[in-house]
Amino acid sequence: MRAIIVEDELASRETLQAYLSKYCEDVEVIAEAATAQDGIAAIHQHRPDLVFLDVEMPFGNAFDLLEGVDKIDFEVIFVTAYSQYAMQALNCSAAYYLLKPLDIDELVSAVEKVKARLAAQEESVHTRVLLDNIKLVNRQRQKVVLPVLDGFEVVQVQDIVRCQAQGNFTDFIMAEGKKRMICRTLKFYEEVLTPLGFARVHKSHLVNLDYVVGYKKGKGGQLALKNGDVVDVSPARKQQLLDYF
């Protein structure tokens, strides 16, 4: 795979280059850039298969770079120090990302996933979903990529009524009445969806607050939802929920 590194810190570029050379022999770094503008130029010139892209850079971030590229026909592995905004956006789109400082095993795993996608010649939607979400002010119109057994589905946040824990899996109950079982924990989706108008009301339930139509008192109480579902509220989460309303 022909790759470009876009990272403003020289030491970080050199570290990533060294790791790729030693542990990812199938990756050839054909160019490096220190700014978003230089990264755009390098992408247009070299047409890489893969771009390692720092999220936060001076004079423009990763999303500015992607907006400036004429065609996103390459895979992206984002590299970032922890940023709640960036992490939430990346997780919603199921984009590949690495946290600084880099972990070699995670780097190898991300590269292998990209190789598998390229070998299967699958259409990459992760980056486009990410960009669409960044542009949207209305959080309920944002999209989430859900990994399913035979690939993935892209759904709008406003179409998710609630999520229910099933061990290491999560059931997504959709507005049209369908249910999707996703191979990720409810804790993961709590972190992804809470900024988009969801609330964890019980250890087993994450609810889209736009679908709440009523509350019945009790030790914890129960929520009534537009689709007819009734969801228990745990006593520990009751007051926070009532404060919201």
Side-chain angles (χ1 to χ4, degrees), residues 36 51 53-56 60-69 71-72 74-99 113 117 122-148 151-165 169-201 205-213 223 225-227 229 231 240-241 244-245:
V51 175
L53 183 54
D54 189 11
V55 173
E56 296 295 337
N61 61 24
F63 311 126
D64 297 323
L65 180 148
L66 293 170
E67 287 278 8
V69 175
K71 183 180 181 183
I72 300 175
F74 50 86
E75 292 285 347
V76 179
I77 295 178
F78 294 90
V79 183
T80 179
Y82 181 78
S83 161
Q84 185 171 358
Y85 166 72
M87 295 289 287
Q88 188 264 326
L90 293 171
N91 281 328
C92 274
S93 66
Y96 306 121
Y97 64 87
L98 302 170
L99 292 176
K113 289 176 182 177
R117 286 186 58 80
E122 294 180 1
E123 182 184 11
S124 177
V125 301
H126 303 76
T127 304
R128 288 204 302 276
V129 169
L130 176 62
L131 286 179
D132 287 345
N133 284 347
I134 295 299
K135 294 175 188 176
L136 287 173
V137 176
N138 184 341
R139 62 188 183 181
Q140 285 284 324
R141 291 184 60 204
Q142 293 193 11
K143 300 174 184 176
V144 179
V145 177
L146 302 179
V148 293
F152 59 85
E153 293 184 26
V154 180
V155 302
Q156 285 197 316
V157 170
Q158 65 188 7
D159 294 332
I160 304 168
V161 177
R162 63 184 180 91
C163 306
Q164 183 168 344
F169 294 81
T170 299
D171 283 339
F172 273 68
I173 290 79
M174 310 301 293
E176 77 274 19
K178 291 183 179 180
K179 180 168 69 175
R180 294 168 174 81
M181 179 173 281
I182 307 302
C183 187
R184 280 187 174 169
T185 64
L186 186 63
K187 175 64 174 175
F188 174 86
Y189 285 109
E190 178 184 6
E191 294 174 358
V192 170
L193 293 174
T194 295
L196 302 180
F198 284 66
R200 185 80 174 263
V201 299
H205 300 297
L206 181 67
V207 172
N208 187 338
L209 294 171
D210 279 0
Y211 281 89
V212 174
V213 295
L223 285 179
L225 307 180
K226 287 180 184 178
N227 67 342
D229 287 354
V231 174
Q240 183 178 4
L241 178 71
Y244 170 84
F245 283 101

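These numbers come from the heavy atoms of this one structure, side chains and all, not from hydrogens, waters or symmetry mates.
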Please report the interatomic distance [atom1]([X]) to [atom2]([Y]), rounded to the nearest 0.5 Å.
X: Asp229; Y: Ile173; atom1: CG; atom2: CD1; answer: 7.0 Å
X: Leu186; Y: Glu191; atom1: CG; atom2: CD; answer: 10.5 Å
X: Ile160; Y: Asp210; atom1: CD1; atom2: CG; answer: 12.0 Å
X: Tyr97; Y: Leu99; atom1: OH; atom2: CG; answer: 6.0 Å
X: Gln164; Y: His205; atom1: CD; atom2: NE2; answer: 4.5 Å
X: Ile77; Y: Leu98; atom1: CD1; atom2: CG; answer: 6.0 Å

*When you measure from the side chain of Asp132 to the backbone N and O of Gln142, does any donor-acceptor pair fall under 3.5 Å?*
no
*Show your reasoning for whether side-chain contact (heavy atoms from CB on, under 4.5 Å) applies to Val148 and Ile182.*
CA-CA 6 Å; Val148 293; Ile182 307 302; 3.8 Å; yes
Close side-chain approach of [X] to [Y], heavy-atom, < 4.5 Å:
X: Val51; Y: Leu65; value: no
X: Thr170; Y: Leu206; value: no
X: Thr127; Y: Phe74; value: no
X: Val157; Y: Arg141; value: no
X: Phe78; Y: Leu130; value: yes
X: Leu241; Y: Val207; value: no
X: Val213; Y: Leu225; value: no
X: Tyr211; Y: Arg162; value: no

*State which residue, out of Lys178, Arg180, Lys179, fulfils the salt bridge (Lys or Arg N to Asp or Glu O under 4.0 Å) condition with Glu176.*
Arg180
_Ring centres under 6.0 angstrom apart (Phe198, Tyr189)_ = no
Considering non-hydrogen atoms only, spot the tightest contact between [X] and [Y] and give its length.
X: Gly60; Y: Ala36; value: O-CB, 3.9 Å
X: Cys163; Y: Phe172; value: SG-CE2, 3.6 Å
X: Glu56; Y: Asn61; value: OE1-CB, 4.2 Å

_Could you check whether atom CD of Gln240 has more than 12 heavy atoms from other residues, nucleotides or ligands sitting under 6.0 Å from it?_
no
*Please walk me through it: do Tyr96 and Arg117 pass side-chain contact (heavy atoms from CB on, under 4.5 Å)?*
CA-CA 12 Å; Tyr96 306 121; Arg117 286 186 58 80; 2.7 Å; yes
